[in-house]
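Here's the structure we're looking at; comments come further down.
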Number of protein chains: 2
Amino acid sequence: MPEHRFESRNSDKTYIRILDAAARLYREKGYTAVSMRTIAKAAHIKAGSIYYHFESKDDIVSIILNLGIKVVHDEVNQIVTNLPDDATASEIVRAGIRGHLHALLEYRNYTSANVRIYGQVPAAIQKSNLLARRKYEKFWDNLLSDLQESGELRAQIDIASFRLLLIGALNATLEWFDQEKGDCSVLADNYADLLLNGILTDQEAGT
Amino acid sequence: MPEHRFESRNSDKTYIRILDAAARLYREKGYTAVSMRTIAKAAHIKAGSIYYHFESKDDIVSIILNLGIKVVHDEVNQIVTNLPDDATASEIVRAGIRGHLHALLEYRNYTSANVRIYGQVPAAIQKSNLLARRKYEKFWDNLLSDLQESGELRAQIDIASFRLLLIGALNATLEWFDQEKGDCSVLADNYADLLLNGILTDQEAGT
DNA sequence: GTCTATATGGGGATAGAC
DNA sequence: GTCTATCCCCATATAGAC
């Protein structure tokens, strides 16, 4: 799926084909349920041949998990960085939510594989994904802290708590959102409105 | 874990021991990774003996998935129903969030097993869990619709969208919240404040 | 109720031909 | 680069002793 990284390199098309097939299968079936034989069949290759491209099953999983974070981080970073200097807090947060949801659903096999199987892979593999996760969390924390210091976000909210709530809610859309039936930017604006303004009518707010 | 359902029945202690062990393992390792041998060892019994208590591996999984929804639904229902008649929207939503989070973390092995492996079990097992899921979703939708009709929640919010955001965010806490280090009612109040009032300062709200 | 033993099939990974 | 063949281990489920 992440074609941009390998575009024209000679016969690494096979490398990508294996990775794409594996990501989709991991998302659908879970970590242990997917065998090298299963991946091989989906990638139109024989099981033994996979070991020419990858060191082991865990090597494949580790690469998939890291791409699952990277594609989202890259897209959110690019969208937010390209906003005009006078963008409001609403616009910035909204853009971040749009970017996160768009990448999440665009690279669904990788992102969903990450969300679903991270908690179930061996500890060593989890560890290989931790740095990418921490960096993305830090990105949001910095973004939100800046907006809070400038007075656009309420002073009393805890940034880490909101970031956990936000990313938790966004990632959960992977479990139900159907790209065929809806536009994810509509969903993004919907979620952004709820999170920015809350659900109470004005006379009830603050209670 | 759900002792209340079987309290004193003779030697169904073994039944519960097997179920508890299986739920914990499914949460930690995923559906396919957990073998009958693994469950047997954790429940201090031999693999063949499990078939006296359960029909199959899928029978066990199906029961665990259904309990994972039921324990949360029951607790939220009880807490919200017992609120005084003059409770405000804030108090009702806050109580629902508290109940959901408390049950979620109290019966963590069952609830987390549900969240993590639902998407990875065979379709027939998913189907056996759908009714319980739909009932719990309906419970929240009815609750929120009533509050919207009484004017306490903003008229323009879409109830189903908010319910998806809410339950998605709450369930995601299973992946990071450490019960040893924090009180889940503090977390609940924190999340409730964010969701009820939003994150913008008052002069920015509505934009 | 719980045990041991076993039938049958699939798992990750490697060797060596082409 | 991809193939076939193989090593060795583990899976679910059942049969029948105790």
Side-chain angles (χ1 to χ4, degrees), chain A residues 6-65 113 117 120-126 128, chain B residues 6-65 113 117 120-126 128:
Chain A
F6 318 97
E7 270 170 11
S8 54
R9 293 217 31 205
N10 204 344
S11 223
D12 288 341
K13 287 180 200 163
T14 306
Y15 178 93
I16 301 177
R17 218 173 56 240
I18 295 170
L19 223 45
D20 282 352
R24 178 175 59 77
L25 289 164
Y26 283 129
R27 166 171 85 84
E28 290 172 356
K29 308 289 184 186
Y31 170 64
T32 315
V34 178
S35 66
M36 296 298 265
R37 287 169 169 82
T38 317
I39 296 172
K41 187 164 284 183
H44 307 293
I45 202 176
K46 300 300 168 183
S49 310
I50 295 180
Y51 290 86
Y52 175 81
H53 300 276
F54 299 92
E55 287 186 4
S56 65
K57 181 178 175 179
D58 288 356
D59 184 31
I60 296 178
V61 174
S62 184
I63 291 168
I64 288 173
L65 290 183
I117 74 178
Q120 297 171 350
V121 298
I125 301 181
Q126 286 187 346
S128 75
Chain B
F6 316 98
E7 270 170 14
S8 54
R9 294 213 34 203
N10 205 346
S11 223
D12 288 340
K13 288 180 199 164
T14 306
Y15 179 92
I16 301 176
R17 218 173 56 240
I18 295 170
L19 223 46
D20 282 352
R24 179 175 58 78
L25 288 164
Y26 282 129
R27 165 170 84 84
E28 291 171 356
K29 308 288 185 188
Y31 171 65
T32 316
V34 178
S35 65
M36 296 299 262
R37 286 171 171 81
T38 318
I39 296 172
K41 187 164 285 185
H44 307 294
I45 201 175
K46 301 299 169 186
S49 310
I50 295 180
Y51 290 86
Y52 175 80
H53 300 276
F54 299 91
E55 289 185 3
S56 65
K57 180 179 175 178
D58 287 356
D59 184 31
I60 297 179
V61 174
S62 184
I63 292 168
I64 288 172
L65 289 182
I117 76 178
Q120 298 171 350
V121 299
I125 302 181
Q126 286 186 346
S128 75

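Throughout, a chain's letter reflects where its sequence line sits, starting with A, and its residues are numbered from 1. Nothing here was measured: the structure is a model prediction, and the numbers come from that model. Note that these values count all heavy atoms, side chains included, but never hydrogens, waters or copies made by symmetry.
Between the CD1 atom of A:Ile60 and the C1' atom of C:dG12 there is a distance of 11 Å, given to the nearest Å. The distance between atom CD1 of B:Ile18 and atom P of C:dG1, rounded to the nearest whole Å, is 12 Å. Rounded to an integer number of Å, the gap from CZ of A:Arg37 to P of D:dT4 is 13 Å. In this structure, B:Lys46 atom NZ and D:dG16 atom C1' are separated by 18 Å, rounded to whole Å. Separating the NZ atom of A:Lys29 from the P atom of C:dG11 is a distance of 13 Å, rounded to the nearest angstrom. Note: CZ (A:Phe54) to C1' (D:dT2) measures 15 Å, nearest angstrom. Between the CE atom of B:Met36 and the C1' atom of C:dT2 there is a distance of 14 Å, rounded to whole Å. Between the P atom of D:dT14 and the CD1 atom of B:Ile50 lies a distance of 13 Å, rounded to the nearest Å.
The shortest distance between the side-chain N/O atoms of B:His53 and the OP1/OP2 oxygens of C:dT2 is below 4.0 Å. Side-chain nitrogen and oxygen atoms of A:Tyr52 include none within less than 4.0 Å of the OP1 or OP2 phosphate oxygen of D:dT2. The side chain of A:Ser35 places no N or O atom within less than 4.0 Å of a non-bridging phosphate oxygen (OP1 or OP2) of C:dG10. Listed pair A:Thr14 / D:dG1 fails the phosphate criterion, with no side-chain N or O lying under 4.0 Å from OP1 or OP2. Distances shorter than 4.0 Å separate some side-chain N or O of A:Tyr51 from OP1 or OP2 on C:dA13.
A 4.5 Å side-chain heavy-atom check between B:Gln120 and A:Ile117 finds at least one atom pair inside the cut-off. Residues A:Met36 and A:Ile60 form a side-chain contact, since some pair of their non-hydrogen atoms from C-beta on lies under 4.5 Å apart.
In terms of position on DNA chain C, the residue among B:Gly48 and A:Asp58 whose nearest nucleotide sits closer to the 5' end is B:Gly48. Nearest-nucleotide positions on DNA chain C place A:Ala33 closer to the 5' end than the other of A:Ala47 and A:Ala33.
Proximity note for B:Ser56 (side chain, C-beta onward) versus D:dA11, D:dA13, C:dC3: the nearest is D:dA13.
A donor-acceptor contact closer than 3.5 angstrom links the side chains of B:Asp58 and B:Tyr31.
At a threshold of 4.0 angstrom between heavy atoms, the contacts of A:Thr32 with the nucleic acid are absent. Looking at heavy-atom distances under 4.0 Å, B:Lys57 makes contact with sugar-phosphate atoms alone, never a base.
Proximity of a side-chain donor or acceptor of B:Ser62 to a complementary backbone N or O of B:Asp59 within less than 3.5 Å is not detected.
In the displayed structure, A:Lys57 atom NZ is contacted under 6.0 Å by more than 12 heavy atoms of other residues, nucleotides or ligands.
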